[in-house]
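A quick write-up on the structure given underneath.
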Amino acid sequence: MGRYIIQRVALGLAILLVAISVLYALMITLPGDPTTVFLGPRATDEMRAVFSERLGLNNPVPVQILQFWGRIFSGDLGEDVLRNRPVATPVFAALPNTLILVLASIGWSAALGILLGAFSAACRNSLVDRVTGVLSVAMLAAPSFVVALWSLLIFAVVLNWFPAIGAGEHGDLADRIHHLVLPSFAIGLAWVGYIARIVRASMLEVMGENHIRTARAFGLPPHKIIYRYALRIAVLPAVSVLGVGVGGLLSSAVFAEIVFARPGIGRLIYESVISRNYPVVMGSMLVAIAFFVMCTLAADLVNAMLDPRLRTSKKS
Amino acid sequence: MKAALDIRDLSVDYHTRAGRLHALRNVDLLVPDGEVVGLVGESGCGKSTLISAVLRLLAENAEVPGGEIVLDGTDLLSLSDAEMRLRRGRDVSVVFQDPMTGLNPVLTIGRQMIDIQHREALSRAARRERAVDMLARVRIPDPASRMDSYPHELSGGMRQRVAIAMALMMNPKLLIADEPTTALDATLEVQIIELLQELQGEIGCAILFISHHLGVIAELCQRVVVMYAGSAVEEGGVRDIFHAPAHPYTKALLDCDPGRIRERRQTLPSIPGSLPDLTAPPPGCIFADRCTKADAGCGATQPPRIDTAPGHWATCHFAEAMR
Amino acid sequence: MSIAERSSFKYTAVGRLMSDPLAVAAVTIIALLVLCAVFADAIAPYDYKALNVRERFAPPSFVHLLGTDNLGRDTFSRLLFGARIALFVGLTSVGLAALIGLMLGMVAGFGPRWLDNAILFLFDTLRAYPTIILALALGALLPPGLGTVILVVVLTTFSEYGRVARTQTQALSAQEFIDAERAMGASPARILFMHILPNVLGPFFILAAINLPVVITIEAGMSFLGVGVAPGTPSWGATLKDGFDYIRNTPWLIVSGGIPLVLVTLGFTFLGESLRDVLDPKLRKER
């Protein structure tokens with residue numbers, strides 16, 4: 001287990017390092033004056049000179065990448081030159097909003113998806129199974145930003161049930177949850193169908209295994225067999241998929257945050273891209289990609305926790 | 001003689017694409033109280049279907065068109081699903097063949113052993129104590145700490161002991177052992193057989209022991225039932241069956257047993273031919289096609305059950321002559 | 001595989017596909033999309049870029065079937081031309097991604113261990129970029145246009161094809177008949193193209209069918225964010241963006257701009273599933 005964790009973490013770190021380095025290299029080598037790239041077109045010549053000196057932009061590219069990581073590891077995400085503040089300030093102000101959004105979306109969609117999947121597998125070919133089958137494909141088919149726009153139109157603009165803008169007042173939990181409903185609905189909807197399908201398929205496989213026959217031979221109640229004996233195994237593939245799927249969730253979060261004007265990482269990246277505020281783009285992308293790599297890692301580790309067969313490599 | 005299990009005239013059909021498959025046809029089988037009865041036959045002879053029918057764990061496409069399965073005085077076929085579920089694992093329990101896949105891989109041994117006591121009015125601690133006690137009785141070393149192990153942390157032999165402990169924990173009237181030693185090597189097989197014998201003596205349950213290892217059957221059982229292609233073809237005391245088989249199939253089966261071949265030879269003997277098509281069973285004797293004794297009458301009329309000695313019968317026209 | 005076997009396989013595969021009602025529905029939707037894209041000029045009642053200040057914000061009517069946008073452009077005509085863009089971006093980038101993935105995957109599966117590891121690491125690294133976030137970054141650095149969209153899509157999707165090609169190559173090159181070929185002196189290129197390529201094609205078709213709507217959605221998404229097609233191009237995403245900006249004036253843009261995306265996704269998803277059932281019996285879900 002220890003070895004496995006170390007391997008996974010090392011690979012995750014390597015991927016993160018390379019992914020960010022490539023992006024950084026692209027930014028500094030692309031045509032155009034790097035100081036323009038970093039400071040934006042509105043910078044003065046004086047600012048450019050100071051900046052070039054400070055970031056070592058006259059050094060060779062590999063040295064610059066090393067210097068970049070040196071700054072990152074000393075806790076400096078860079079300087080938001082346009083607004084004269086550390087990049088870390090807007091990034092870490094936005095991060096919690098995105099985390100809450102992503103977690104809420106995973107939470108409700110996984111819960112509902114697992115339940116629907118298990119139920120359709122348990123009552124195969126029942127009405128619920130058939131309806132779930134059709135619905136899950138329909139949910140899959142709706143791109144998250146279309147769902148976001150449609151739910152904005154229907155529930156916020158026309159019906160006025162939910163707020164259209166923002167993340168809610170700080171400290172007012174009910175208000176924040178109220179603001180969370182539509183964006184997390186838009187992000188999670190496709191996942192409900194996806195997870196339901198995965199769980200249904202793996203559930204049907206597990207239900208045919210010998211140990212389930214054993215459980216039935218001991219007269220265990222059917223709901224216990226399904227929800228404790230089979231589901232624990234059947235959710236494992238869904239957990240792996242969720243980990244990888246956080247990348248897709250982050251992409252969806254960009255749209256949801258823009259459509260619902262929610263201050264999060266996705267919106268921050270979008271706004272800095274539009275205003276050509278590259279240090280902030282770089283800093284927030286670093287955080288977003290790091291978050292994604294960590295989620296993939298976490299999914300592997302959660303899987304190992306749920307599946308004792310993976311956990312005890314010390315024995316076998 | 002009181003019977004732990006008395007199966008009378010049991011038939012089971014499967015609905016398949018090729019048509020109705022008559023997997024069991026008019027099977028009779030008797031397991032007297034406290035005795036060990038062996039059930040032998042080739043793969044595909046309907047042993048598994050028989051067990052599933054008794055436990056009502058048949059596949060969805062199965063149907064029971066007729067017969068009785070009397071367990072301890074009650075016809076199981078007359079019970080509702082819920083009533084049947086309450087009996088499974090308590091009145092009749094089972095040890096399956098493959099110890100590697102028979103236990104849930106993500107739950108501890110203890111969790112599974114405690115869960116199967118769901119019908120007992122016991123506290124959690126008492127259930128745990130009973131499970132530990134049972135693990136000790138099947139000679140699992142350090143049973144209390146084994147409760148927290150996962151199945152994959154145990155060897156195959158150990159897992160089969162756990163399976164036996166689970167099956168016997170509720171003191172069932174009948175234990176069905178479905179080739180419990182086939183997946184194990186020879187040394188372990190002997191240990192498991194001895195363990196079963198010992199526990200059977202203590203608990204006093206009847207055992208229906210399924211195996212194609214004739215040596216094990218001879219060692220363990222008092223009575224033997226021989227099945228062929230979904231029919232019970234012969235039943236009798238273990239000595240009668242082994243020394244005076246009354247059905248040509250039994251005789252052929254015994255002749256093919258590597259354990260009983262005396263002289264050196266190049267090839268192992270086998271029964272020529274293959275199992276009949278059970279979607280359209282022949283009108284006469286089911287074994288007629290492969291039987292060395294068969295004549296025209298065998299293919300046309302079904303042989304009746306012929307008693308050759310007290311408690312020994314066979315379904316063969318030549319049963320008397322075989323002796 | 002002989003020619004006769006091949007054509008009979010194809011015949012039964014297509015025959016089986018057409019006996020599945022979902023597949024028929026899928027093919028109908030896709031055919032409709034292709035027709036719209038090809039004959040957009042003929043079908044469209046208006047010039048998709050014609051401004052008409054007097055008919056700004058016109059709701060759906062018989063004059064403008066799906067209304068007009070803030071510049072008075074006819075929504076229905078724009079959506080028809082949007083099909084052309086979606087299909088062009090979809091086919092080009094799926095083709096490119098499959099080609100690059102195929103080559104890298106076969107090299108990884110067939111080549112030495114270190115090369116395999118290096119290529120796998122490349123795949124893993126590319127997977128670490130959330131698509132839209134990478135799209136935003138590149139969109140900020142590169143000028144908007146179809147080329148940028150295709151570059152982003154190819155970068156984020158070719159590793160999927162690469163993985164499939166690699167797995168298939170490895171599985172096949174472990175088989176005996178490949179060993180036999182090798183023993184008879186067949187060159188690696190011959191083995192790759194004669195034996196491995198035909199076996200990779202089936203899974204690739206399935207993957208492509210599943211990926212096409214994803215790609216089309218990415219294009220629409222990037223255009224929605226303003227880092228996709230050049231301003232004025234009638235991408236479905238751009239229509240949605242106009243609808244979002246004027247949500248209280250032209251809500252019909254959001255409704256009608258989303259419908260083709262949903263339909264296309266539905267069509268290709270059903271097609272992918274049916275293809276999987278027909279081409280890959282091992283993966284067939286029992287239902």
Side-chain angles (χ1 to χ4, degrees), chain A residues 11-12 14-16 18-20 22-23 26-27 30 32 37 124-125 133 137-138 140-147 149-150 152-153 157-158 164 197 200-201 204 244 246-255 258-259 265-266 269-270 272-274 276 278 281-282 284-285 288-289 292-293 296, chain C residues 22 120-142 155-156 210 213-214 216-218 220-221 224-227 236-237 240-241 243-244 247-248 251-255 257-270 273 283 285-287:
Chain A
L11 184 67
I15 288 173
L16 187 62
V18 173
I20 297 291
V22 168
L23 211 60
L26 270 179
M27 290 217 162
L30 271 177
V37 171
R124 189 143 50 101
N125 295 330
V137 175
L140 267 178
S144 73
F145 72 100
V146 175
V147 178
L149 286 168
W150 285 359
L152 172 77
L153 182 64
V157 175
V158 176
R197 287 159 63 89
R200 180 183 183 276
L204 285 177
V244 178
V246 170
L249 282 172
L250 277 177
S251 290
S252 307
V254 174
F255 291 114
I258 290 165
V259 169
I265 285 281
I269 295 175
Y270 172 69
S272 1
V273 164
I274 296 300
R276 301 285 188 263
Y278 291 99
V281 173
M282 223 31 238
S284 40
M285 287 202 48
I289 293 175
F292 176 39
V293 171
T296 332
Chain C
L22 276 188
L120 265 188
F121 186 77
L122 173 72
F123 291 168
D124 277 339
T125 309
L126 283 167
R127 224 181 48 171
Y129 295 110
T131 310
I132 287 301
I133 293 182
L134 180 70
L136 276 173
L138 291 182
L141 297 169
L142 302 169
L155 270 182
T156 48
I210 294 171
V214 178
I216 291 176
T217 307
I218 295 174
F224 178 80
L225 295 177
V227 292
W236 294 336
L240 283 169
K241 170 71 172 161
F244 174 60
I247 190 162
R248 286 173 200 278
W252 49 86
L253 284 188
I254 287 183
V255 178
I259 287 172
L261 274 173
V262 172
L263 278 181
V264 165
T265 315
L266 217 55
F268 280 104
T269 311
F270 283 147
E273 303 238 322
L283 288 174
K285 55 180 172 36
E286 49 84 59
R287 184 180 265 252

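Protein chains get the first letters and strands the later ones, always in sequence-line order, with residue 1 at the start of each.
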(request) Give the member of A:L250, A:V146, A:L149 that has the highest number of heavy-atom pairs under 4.5 Å with chain C. (result) A:L149

(request) Tell me, for A:S144 versus chain C, whether the close heavy atoms (under 4.5 Å) come from the side chain, the backbone, both or neither. (result) neither

(message) Give me the atom names and distance for the closest heavy-atom approach of A:I15 to C:T125.
(response) CG2-CA, 3.8 Å

(request) Please assess A:F292 against C:I133 for the test side chain to side chain contact (heavy atoms under 4.5 Å, CB included), listing each intermediate value before the final yes or no. (result) CA-CA 11 Å; A:F292 176 39; C:I133 293 182; over 6 Å; no

(message) Run the ring-ring contact (aromatic ring centres under 6.0 Å, His included) test against C:F224 and tell me which residues pass, sequence neighbours left out.
(response) A:F145, C:F244

(request) Would you please name every residue forming a ring-ring contact (aromatic ring centres under 6.0 Å, His included) with C:F123, sequence neighbours left out? (result) none

(request) Mind ranking A:P143, A:A253, A:S252 by heavy-atom pairs under 4.5 Å with chain C and telling me who comes out on top? (result) A:P143

(request) Give, as side chain, backbone, both or neither, the part of A:V147 having an atom under 4.5 angstrom from any heavy atom of chain C. (result) neither

(request) Measure the CG-CH2 distance between C:L240 and A:W150 for me, rounded to the nearest 0.5 Å. (result) 8.5 Å

(request) Find the distance between CG (C:D124) and CG (A:L11) and round it off to the nearest 0.5 Å. (result) 5.5 Å

(request) May I ask you to test the C:L225-A:F255 pair for a side-chain heavy-atom distance under 4.5 Å? (result) yes

(message) To the closest 0.5 Å, what do you measure between CD1 (C:I218) and OG (A:S251)?
(response) 8.0 Å

(request) With a 4.5 angstrom heavy-atom cut-off, could you sort out which part of C:A135 is near chain A: side chain, backbone, both or neither? (result) neither

(request) Select, from C:G237, C:A220, C:A137, the one with the greatest count of heavy-atom pairs under 4.5 Å involving chain A. (result) C:A220

(request) Quick one: which of A:I258, A:V259, A:V22, A:T296 has the most heavy-atom pairs under 4.5 Å with chain C, could you say? (result) A:V259

(message) Is A:A19 close to chain C through its backbone or its side chain, or both, or neither, when contacts mean heavy atoms under 4.5 Å?
(response) both

(message) Run A:L23 and C:L134 through side chain to side chain contact (heavy atoms under 4.5 Å, CB included) and show every step you take.
(response) CA-CA 9 Å; A:L23 211 60; C:L134 180 70; 4.0 Å; yes

(message) Does any backbone or side-chain atom of C:F270 lie under 4.5 Å from a heavy atom of chain A? Answer side chain, backbone, both or neither.
(response) side chain

(message) If I take atom CD1 from residue A:I269 and atom CD1 from residue C:I132, how far apart are they, to the nearest 0.5 angstrom?
(response) 11.0 Å

(message) Looking only at heavy atoms and a cut-off of under 4.5 Å, which of C:G257, C:P130, C:G267, C:G226 has the most pairs with chain A?
(response) C:P130

(request) Select one option (side chain, backbone, both, neither) describing which atoms of C:P213 are under 4.5 Å from chain A's heavy atoms. (result) neither

(message) Please classify the contact of A:A14 with chain C as side chain, backbone, both or neither, using a heavy-atom distance under 4.5 Å.
(response) both

